[in-house]
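Computed from heavy atoms alone, side chains included, the values below leave out hydrogens, waters and symmetry copies.
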Amino acid sequence: MACSAHMDMLEENMESFRGWESIVWHGFHLEDWRRDGVINRVAYFEVEILDPKSKAQLCYLDKVEPNATVAEIKALLHKIYPKFYPSRQALKLHPEGKALSDDDVLEDLPVGTTATMFFQDLGPQLGWTMVFLAECLGPLFIYLLFYYRLPYIYMPDHTQTPLKVVKLACWCHSLHYIKRLVETIFIHRFSDGTLPLRTIMLLCLYYWGFASWQAYYINHPLYTPPSYGRLQIYSALAMFLVCEFGNLSVHLILNRISCNGSRPTEIPYPTKNPFTWLFFFVSCPNYTYEVGSWISFTVMTQCVPVGVFAFLGFIQMTIWARAKHKTYAQQFEDYPDLRTAIIPLFF
């Protein structure tokens, strides 16, 4: 009997507790509990950053927000190691793996609440503006050194007056790189991306080396004019000027379209300027005009080094153009079907 009475009392207490529970939850919503800090369960991450070779721990980041990006993790690492500014860092999930993008979110990565990342020092970095300035200033001054026949470049007795085509070639070469410098300073919009210093040195070696090779032969006292004389020279000159002005016109359009970082948010279209009508047929007419300029310069000078430079430039710009064309086609459903990457109606 005592046991039965005890059980009845226990059941009455449980019913009373359920009643109070119902009153509490109906009178105070779950959102109110979270807002007032009654329920606050945030699963923080712990990030361990290691050296890829020695596997030694460089730093340990505690209580990292789940929605933190790789860029924010780089900023935290920069506070610990001021030498390694964010653009100098590469973070990977595996020592030999691909570097993570700055936009990657921690909780979306294939890691647990304790994430292990491997740090790579990319070396000193420079912004894209400085890269373009270095690429353009070198060829401009190097070519002029050969044109004005500074001592010890050619033999002392070879000091004859340059041919007309040689003078025109100097004007065209200088115009091309002066235009690129003006575009770099006033027209181009660069992302916050950078390049390693060693890569910039290789790019400068490429552009400066080719400028020296071209200038040496075009300005050589024994240089012979093109086979078809004035017709070849002036027709190629006219095409060169058309391509240079077309390239500038396209860059002005690209400067006006809106972008999200380095990705365009609208499709570039031609304007009333006839030099922009190439947009009807190709996605990257700036590359088309750039290749056209160097082909014209090759025909005008009839110089092998210029032809080699034009051919290599065409290969590289085709790779860039096809990548941009693919990005446009994927990003915009209404992207014009008629457009190809760089050569109208071809590819």
Minimal non-hydrogen separation, [X] against [Y], with atom names:
X: Arg189; Y: Leu254; value: NH2-O, 3.2 Å
X: Leu122; Y: Ser87; value: CD1-O, 3.8 Å
X: Tyr207; Y: Pro139; value: O-CG, 3.9 Å
X: Phe347; Y: Thr318; value: CE1-CG2, 3.4 Å
X: Ser174; Y: Leu140; value: CA-CD1, 3.8 Å
X: Val166; Y: Tyr223; value: CG2-CD2, 3.7 Å

Under 4.5 Å between side-chain heavy atoms, hopping through other hydrophobics if needed: is there a path connecting [X] to [Y]?
X: Ile253; Y: Val282; answer: yes
X: Trp128; Y: Tyr85; answer: no
X: Trp320; Y: Leu278; answer: no
X: Val291; Y: Met239; answer: no
X: Phe346; Y: Phe280; answer: no

One pair to check against side chain to side chain contact (heavy atoms under 4.5 Å, CB included): Thr288 and Asn247. What are the steps and the verdict? CA-CA 8 Å; Thr288 308; Asn247 182 267; over 6 Å; no

Is it the case that over 12 heavy atoms from other parts of the model lie below 6.0 angstrom from the [atom1] atom of [X]?
X: Lys79; atom1: NZ; answer: no
X: Arg198; atom1: CZ; answer: no
X: Gln316; atom1: CD; answer: yes
X: Tyr60; atom1: OH; answer: yes
X: Phe332; atom1: CZ; answer: yes
X: Phe311; atom1: CZ; answer: no

Can you tell me how far [atom2] of [Y] sits from [atom1] of [X], rounded to the nearest 0.5 angstrom?
X: Leu133; Y: Ile185; atom1: CG; atom2: CD1; value: 5.5 Å
X: Cys170; Y: Tyr147; atom1: SG; atom2: OH; value: 5.0 Å
X: Cys172; Y: Phe297; atom1: SG; atom2: CZ; value: 6.5 Å
X: Leu145; Y: Asn219; atom1: CG; atom2: CG; value: 10.5 Å
X: Leu137; Y: Ile142; atom1: CG; atom2: CD1; value: 10.5 Å
X: Cys284; Y: Met317; atom1: SG; atom2: CE; value: 11.0 Å

Yes or no on side chain to side chain contact (heavy atoms under 4.5 Å, CB included) for Lys53 and Gln120, after CA distance, side-chain angles and deciding distance? CA-CA 10 Å; Lys53 295 181 180 179; Gln120 179 186 355; over 6 Å; no

Donor-acceptor contact present, side-chain [X] to main-chain [Y], <3.5 Å:
X: Tyr216; Y: Ile153; answer: no
X: Asn255; Y: Ile187; answer: yes
X: Ser296; Y: Leu237; answer: no
X: Gln302; Y: Ser227; answer: yes
X: Glu266; Y: Ser258; answer: yes
X: Glu72; Y: Thr69; answer: yes
X: Asp62; Y: Glu46; answer: no
X: Trp208; Y: Ala134; answer: yes
X: Gln125; Y: Gly123; answer: yes

Just checking, is any N or O donor in the side chain of Ser249 or Thr276 under 3.5 Å from an acceptor N or O on the other one?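 Distance-only check fails for Ser249 and Thr276.
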
Among side-chain atoms of Thr114 and Glu48, is any donor-acceptor pair under 3.5 angstrom? no

Fit a plane to each ring of [X] and [Y], take the angle between them on a 0 to 90° scale, and name the class: parallel (under 30°), tilted (30 to 60°) or perpendicular (over 60°).
X: His173; Y: Trp294; result: perpendicular
X: His220; Y: Tyr154; result: perpendicular
X: Tyr335; Y: Tyr328; result: parallel

What pairs meet the ring pair (Phe, Tyr, Trp, His ring centres under 6.0 Å) rule with one or both residues in residues 232-257, with sequence neighbours excluded?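 For residues 232-257: His188-His251, Phe245-Phe275.
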
Got a sec, which pairs hit salt bridge (Lys or Arg N to Asp or Glu O under 4.0 Å) with one end in [range], sequence neighbours left out?
range: residues 311-326; result: none
range: residues 328-347; result: none
range: residues 102-117; result: Lys74-Asp102

Let me see the working for Phe190 and Thr184 under side chain to side chain contact (heavy atoms under 4.5 Å, CB included), right down to the final yes or no. CA-CA 9 Å; Phe190 298 103; Thr184 299; 4.1 Å; yes

For Tyr81, the other hydrophobic cluster members (4.5 Å side-chain criterion, sorted by chain and number) are Phe45, Val47, Ile49, Leu58, Leu61, Val64, Val70, Ile73, Leu76, Leu77, Ile80, Phe84, Leu91, Leu93, Leu100, Leu106, Leu109, Val111, Met117, Phe119

Checking one residue: Leu205. Which other hydrophobic residues are in its cluster under the side-chain 4.5 Å linking rule?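 Traced through the cluster, Leu205 reaches no other member.
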
Taking the six-membered ring for Trp, are Tyr206 and Phe210 ring centroids under 6.0 Å apart? yes

Within the 4.5 Å heavy-atom criterion, are Leu203 and Leu195 side-chain neighbours or not? yes

Taking side chain as C-beta onward, heavy atoms only, is Met300 less than 4.5 Å from Gln232?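 Of all side-chain heavy-atom pairs linking Gln232 with Met300, none is under 4.5 Å.
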
Charged N-O contact under 4.0 Å between Arg180 and Glu135: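 Counted as a salt bridge, because a side-chain N and a carboxylate O are separated by less than 4.0 Å.
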
Report the C-alpha distance between Asp121 and Gln89 in whole Å, list the side-chain angles of each, state the deciding distance to 0.1 Å, and finish with yes or no for side chain to side chain contact (heavy atoms under 4.5 Å, CB included). CA-CA 5 Å; Asp121 178 16; Gln89 303 175 31; over 6 Å; no

